[in-house]
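The next block holds one structure in the form of structure tokens; read it before the comments.
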Amino acid sequence: MPIYLGLDSSTQSVTATAVDIDDAQPDRRKILFERSFRYDEALPGYGTEHGVLRSSDPRTVHAPPLMWSEALDRIMADLARDTSVDWTRLRAVSGSAQQHGSVYVNAQAGQRLGALDPSRPLADQLRDVFSRQTSPIWMDSSTTSQCAAIEAALGGPRALARLTGSRAFERFTGPQIRKFAELEPEAYAATDRVHLVSSWLASLQAGVHAAIDPGDGSGMNLMDLASKQWAPEAVRATAPGLEAKLPPLADSWTVVGTLAPYWRQKYGFPAARVVAWSGDNPCSLVGTGLVREGIVAISLGTSDTIFGIMPSPRPSEDGTGHVFASPTGAYMGMSVFKNGSLAREHVRDDYGMTWPAFSAALSRTPAGNRGATMLPWFEPEITPLVLEPGVRRFGLDAGDADANVRAIVEAQMMSLALHSRWMGVRISTIYATGGASANRDVLQVMADVFDAEVLQLETGNSAALGAALRAFHADRLADGRPLSWEDVIAGFVLPRPESRLKPEPANVATYRQLIEIYAAREREALSG
Ligand code: XUL
């Protein structure tokens, strides 16, 4: 029986999920192995906090690409050490990575990738290949002027959104590349290849420069969403000579190589296929089973995201959301909120609570919070765009711990609902995933605000599972035995029926009014 491995290199941690697939007996498919560690704890030498490096400017947020690389080595070592799994059955590997982050490497990188020495630690062999020591990540919002310049060159935000699926966003890779080229022209000139986190880690696994998949490529403001090729006018408007520095784009199911000798000789893995990596949200789409239109998923992770499949690309007219290519070949609509887990943790810590105490506070307080609301912008926000962070309270006493707990959760859910209206989907069912989806008090607020049923999924890590299932799909395709996406996900991503939460009609009515008040407060704050 073959084993498929999915890795997820996320903002704060790395996770591995391996699945066991018995074709003859779909009911015996199972998750075989799950392992995760946090960068701050496992690799403290990089000095990250919550996986990132901050500066005095809250808009600038980076992370070391060497840390992501070392983390990959570390998790592969952890896998190999687990002798309860017969890793010789490993057929294919793929991965998921935080989106938008860029990795800049010099001309030595190609040769180095092909000659990684199993007798030496991976990190020691990569130290001198980065032409930029730290990578801007999705939490970075420091490129407003570059966004404006790119939009202007392409005929405005709507024209750019029609071409690439999104207007220019500060965290998107194109504006980030432009900033680097403007501020550090020499280092930019010394850059041979600009990878995404996903394509860089795939390159390490395969030992050759790997392609970028259209799912993650859609987060760059550089890809023509219709053709899934680089858009020459966008590439030209971004930075000089960029066309020669971008890896090619290739379908998400492309086999980019086999596990390089480094992994085989050092850890005893077989020559498994390496399938193009993608972004965490595109992978989660597969890992939550959203391979057809109708249902949406909400992931409550470091960022909160809401997404669902779209058969054809319909860019968001109000400029808040994104259309990405889906790794299934269709498209996906998505909105992203930066004040997700870190904002929830902020409130929890400010009031000295544990998670159970946070939940208890939520269940003690009434839906609608007696009209008290919060705009939860602990950090600069992506949706809606807020560059100057600051929490605003309306009729809410900062000293009232319980009311603040309810206020943050209600604010997040109302914001998710408000800023996904552009997708034009009547949401009747939501699959909840990500760390905070374990909290049923939070999910009840979700059900009531959206007036929709909410179901929890079996696995919290839908991105790593999605990557493993993408590896399975691509492996079968490469063998000339393709499977439909329904057959790929069967048996894995079923929501737990007993987890179903139904909206409470009285609460739904409360939120129908409160969301308009929230929207007005948000508009006022943004215009002031
Ligand atoms: C997506 C985004 C975030 C990151 C988090 O556009 O910015 O969801 O992918 O990992």
Side-chain angles (χ1 to χ4, degrees), residues 7-15 36 38-39 48 50-52 61-63 68 71 95-102 135-143 147 161 164-176 196-199 201 212-223 225 277-285 287-288 297-308 315-316 319-327 331-343 379-383 385 412 415-416 419-420 433-436 460-464 466-467:
L7 298 160
D8 175 35
S9 173
S10 80
T11 314
Q12 305 198 49
S13 56
V14 59
T15 301
S36 188
R38 294 167 69 86
Y39 306 120
T48 57
H50 296 289
V52 306
V61 185
H62 284 216
W68 298 324
S96 144
Q98 56 171 306
Q99 298 199 250
H100 317 294
S102 35
S135 297
I137 66 152
W138 67 275
M139 296 172 84
D140 190 286
S141 52
S142 67
T143 63
C147 287
T164 68
S166 304
R167 65 166 173 79
F169 277 84
E170 277 75 1
R171 69 192 190 287
F172 274 42
T173 324
Q176 291 289 348
L196 291 179
V197 185
S198 57
S199 61
L201 296 176
I212 290 179
D213 94 303
D216 219 10
S218 326
M220 302 174 81
N221 283 136
L222 291 171
M223 190 188 84
L225 198 61
W277 284 40
S278 188
D280 50 4
N281 295 291
C283 287
S284 281
L285 191 82
T288 47
I298 292 181
S299 167
L300 302 175
T302 307
S303 61
D304 287 348
T305 57
I306 176 164
F307 52 83
S316 119
T320 58
H322 313 298
V323 181
F324 283 179
S326 149
Y331 292 91
M332 61 187 282
M334 178 169 87
S335 293
V336 178
F337 303 80
K338 200 192 303 187
N339 285 282
S341 284
L342 295 183
E379 315 224 6
E381 181 50 71
I382 293 168
T383 314
L385 181 63
Q412 290 176 323
S415 193
L416 278 157
H419 297 293
S420 53
T433 179
N461 199 314
S462 54

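Atoms within each ligand, like the ligands themselves, are counted from 1 in listed order.
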For the backbone of G434 and the side chain of S299, can you confirm whether one donor and one acceptor N or O come within less than 3.5 Å of each other?
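Checked: no pair found.
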
Indicate yes or no for a side-chain donor-acceptor contact from Y331 to the backbone of L225 under 3.5 Å, with no hydrogens or angles considered.
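Yes.
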
Out of curiosity, is M334 lining ligand 1, as in a heavy atom under 4.0 Å away?
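Checking ligand 1 against M334, which is what was asked, there is a heavy-atom contact under 4.0 Å.
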
Can you tell me how the ring of F324 sits relative to the ring of F172, calling it parallel under 30°, perpendicular over 60° and tilted otherwise?
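Tilted, since the angle between the ring planes falls between 30° and 60°.
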
Considering non-hydrogen atoms of the protein only, which is the closest contact for atom 3 (C) of ligand 1, and what is the distance?
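Checking every protein heavy atom, the shortest distance to atom 3 (C) of ligand 1 gives S303 OG, 3.6 Å.
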
[X], any N or O under 3.5 Å of ligand 1 N or O:
X    : answer
H100 : yes
H322 : no
T305 : no

Can you name the atoms of ligand 1, numbered from 1 with element, that are less than 4.0 Å from a heavy atom of [X]?
X    : value
Q99  : 1 (C), 4 (C), 9 (O)
Q98  : 10 (O)
R171 : 1 (C), 2 (C), 6 (O), 7 (O)

Answer side chain, backbone, both or neither: which part of I382 comes under 4.0 Å from ligand 1, heavy atoms only.
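No part of I382 is near ligand 1 at this cut-off.
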
For this output row, return yes or no: ring centroids of F169 and H100 closer than 6.0 angstrom.
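Judged by ring-centre distance (under 6.0 Å), F169 and H100 do not meet the cut-off.
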
Indicate whether any N or O donor in one side chain lies under 3.5 Å from an N or O acceptor in the other, for T302 and Q12.
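The criterion, which ignores hydrogens and geometry beyond distance, is satisfied for Q12 and T302.
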
Less than 3.5 Å apart, any donor N or O on the side chain of E379 or N339 sitting next to an acceptor on the other?
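The criterion, which ignores hydrogens and geometry beyond distance, is not satisfied for N339 and E379.
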
May I ask which of D280, V336, D304 has a heavy atom nearer to atom 10 (O) of ligand 1 than the others do?
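Considering heavy atoms of D280, V336, D304, the nearest to atom 10 (O) of ligand 1 sits in D280.
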
Would a 4.5 Å heavy-atom cut-off, applied to side chains only, mark D280 and W138 as touching?
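Heavy-atom side-chain distance check fails, nothing below 4.5 Å.
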
